[in-house]
Amino acid sequence: MLVAQTLAFAALLATALVVALVFAGQENERGAVAMLDGGVADELAERVLSRDPRPIGRPFSLYAVVDVDGRVIATAGADRERLGSRHLTGLTDEPGARAAVGNSFPLEGGGWLVVVIDPDWRNGRIMGAAWPIALLIAAVGGPAFYVLRVVSVRSTRSAYRMGPEQVDQIVRERAALLESIDDAAIGIDRDGGLLWFNSTAGELLSVTDDEIGTNAEKLLLAASGGRGGRALDAHLIQIGDRVLTLSVDMDVSPAAGESRLVILRDYSRDAALLRALDGAQNHIDALRSRGHEFANTLHIIEGLLEMAEPDRALEFVRAGGVSGEFGMPADGIEDPSVRALVYAHRARAREGGISLVVAPGAALPDLAGADQSFTEASLLIVGNFLSNAIESCSSGDGVVLMITTAQASDGSGLVLTFAVDDSGPGVPAHLRDRVFSLGTSTKTGRESRGYGLAIVRGAVTRLGGDCECRTSELGGMQFEATLPIPDSERSRFIDE
């Protein structure tokens, strides 16, 4: 490999030398022609006209005297038979101007002297100098290049404990790894300029190789619609309908200086993190509260049975126990995860004096084994919509959940619709157009995050659905999300 590189380098130098010598030869030719300017051209013309037997010699192989009408009067030189008596074209009164053949020089008595460079003289001048210098470069430049390459290889091995081939392999493997991940990855130099990006980042940020070196902060702000702040300092960033987590790490490689690796990960894909940020702790507290209610209910039943009051115990169970939850009409929601989510929020709502019911006719089949993104989106919608509705309401308010399946308006297939209505204060008019945008929240203080609805919309739109917010018939707000049902899950929703 090293020998091949050395030979290629020597060949490149020799080629460059030959090109330079050809240019130098052309300069010599122009110099030889320029010396005829002045009285020299008239002197040579006299010798040609007088048939002077003395050879005129190089660097010209042809001398021709031409009259004012362009006819050849006399010629001399090795190539004089070429012209004969034919007319020449392109003759001008400018010394050294190109004619049909060679260069022309005006004579004092009228007419022109036309000369042609001897090709043997030209080639001899060029190649006579080219070969010695080319050999000199090959003899000196080649070994020098070889020595430099050996030093470079040894320096690389000393610094990285590996050869250039291993370093090249690592670089290629690293590039392949960055291209294989679904997350967007970019590299930033110490001055904040874009160093590199993988294909996912190129599509997400709409950048090309022409923008290498551009300020990365400005690229991120442009992609996010310029929503203010420093993008690289943000934990979350919204690009279009997608909410992404932004991770910035310093590169620990000394050779990389202070370069940084930035990863943008689709926030809605991480279901565990989503649930943690969107109220998982509230769900746990609600389930704990529900567990206490179940325990109280069992204690009452146990007491009634010990008192030999089975009829009263049966009546108590049919009434729904302490909380009345046994009588909650949610039988149409067959999926256990969604059903448990609804029950947990109902217990949480009841603690605040809020009524949460499932509308008659609500139906959702068991989604076990269904498309994961479809299932996660369903859980996100129910969890976020119910959580927001309960948090916006106060004691005495009500929340209603409706889940329906219908044919899409364009006839493209089935759609699943989730709608949550509440009787709370609603969303201020100035926030309704951007309530699904990252950072928009009706809450204040530490509870104000504005993550949930933006995440829901990102998950829904990525599956081809849509989210809407409108005034509810209950007096508060209605949040609605529609999800196209994948063809693979169609049989779960209708009997075919």
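Remember, it's a predicted structure, so these values are computed and weren't measured experimentally.
Without hydrogens or angle criteria, N198 side chain to A185 main chain gives a donor-acceptor distance under 3.5 Å. Distance alone, capped at 3.5 Å, is enough to place a donor-acceptor pair between the D189 side chain and the D191 backbone. Between the side chain of N384 and the backbone N or O of I381, no donor-acceptor pair lies under 3.5 Å. Remark: the backbone N or O of L474 is not paired with any side-chain donor or acceptor of S423 at under 3.5 angstrom. A distance-only check finds a donor-acceptor pair linking the side chain of D335 to the backbone of L367 [under 3.5 Å].
A ring pair (Phe, Tyr, Trp, His ring centres under 6.0 Å) check over residues 346-395, counting only residues at least two apart or in different chains, returns the pairs F385-F479.
Under the salt bridge (Lys or Arg N to Asp or Glu O under 4.0 Å) criterion, E489 pairs with R492, sequence neighbours left out. S373 meets the side chain to side chain contact (heavy atoms under 4.5 Å, CB included) test with D371, L463; sequence neighbours excluded. Partners of D421 under the side-chain hydrogen bond (donor to acceptor under 3.5 Å, both in side chains) rule, at least two apart in sequence or in another chain, are S472, Q478. Residues meeting the ring pair (Phe, Tyr, Trp, His ring centres under 6.0 Å) test with F418, sequence neighbours left out: none. In this view, T471 and R432 satisfy the side-chain hydrogen bond (donor to acceptor under 3.5 Å, both in side chains) rule, not counting sequence neighbours.
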Side chain to side chain contact (heavy atoms under 4.5 Å, CB included) between I403 and T417, intermediate numbers included: CA-CA 6 Å; I403 306 176; T417 301; over 6 Å; no
E334 and R339: CA distance, side-chain angles, deciding distance, salt bridge (charged side-chain N to carboxylate O under 4.0 Å, His left out) verdict: CA-CA 7 Å; E334 299 177 13; R339 189 182 180 96; over 6 Å; no
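Taking OG1 from T405 and CZ from F493, the interatomic distance works out to 5.5 Å, rounded to the nearest 0.5 Å. Put simply, CD1 on I455 and CZ on F436 are 13.0 Å apart, with the number rounded to the nearest 0.5 Å. Rounded to the nearest 0.5 Å, atoms CZ (F197) and CD1 (I188) are 13.0 Å apart. Atom SG in C467 sits 8.0 Å away from atom CG in L453 (nearest 0.5 Å).
Between R348 and E391, at least one side-chain N (NZ, or NE/NH1/NH2) sits under 4.0 Å from a carboxylate O, which counts as a salt bridge.
A 6.0 Å sphere centred on CG of D487 holds no more than 12 heavy atoms belonging to other residues, nucleotides or ligands. No more than 12 heavy atoms of other residues, nucleotides or ligands lie within 6.0 Å of CD in Q372, so this atom counts as exposed by the packing criterion.
The two residues E211 and L219 come nearest to each other via the heavy atoms OE2-CD2, 3.7 Å. The two residues R470 and M477 come nearest to each other via the heavy atoms O-CE, 3.2 Å. Considering every non-hydrogen atom in both P484 and V415, the closest pair reads CA-CG1, 4.1 Å. Contact detail for M402 and A359: the closest heavy-atom pair is CE-CB, 3.2 Å. Nearest heavy atom pair, residue A362 against residue L401, reads CB-O, 4.4 Å. Listed here is the closest heavy atom pair of G398 and C393: O-SG, 4.4 Å.
Between D466 and T482, the side chains place no donor N or O within less than 3.5 Å of an acceptor N or O (distance only, hydrogens not considered).
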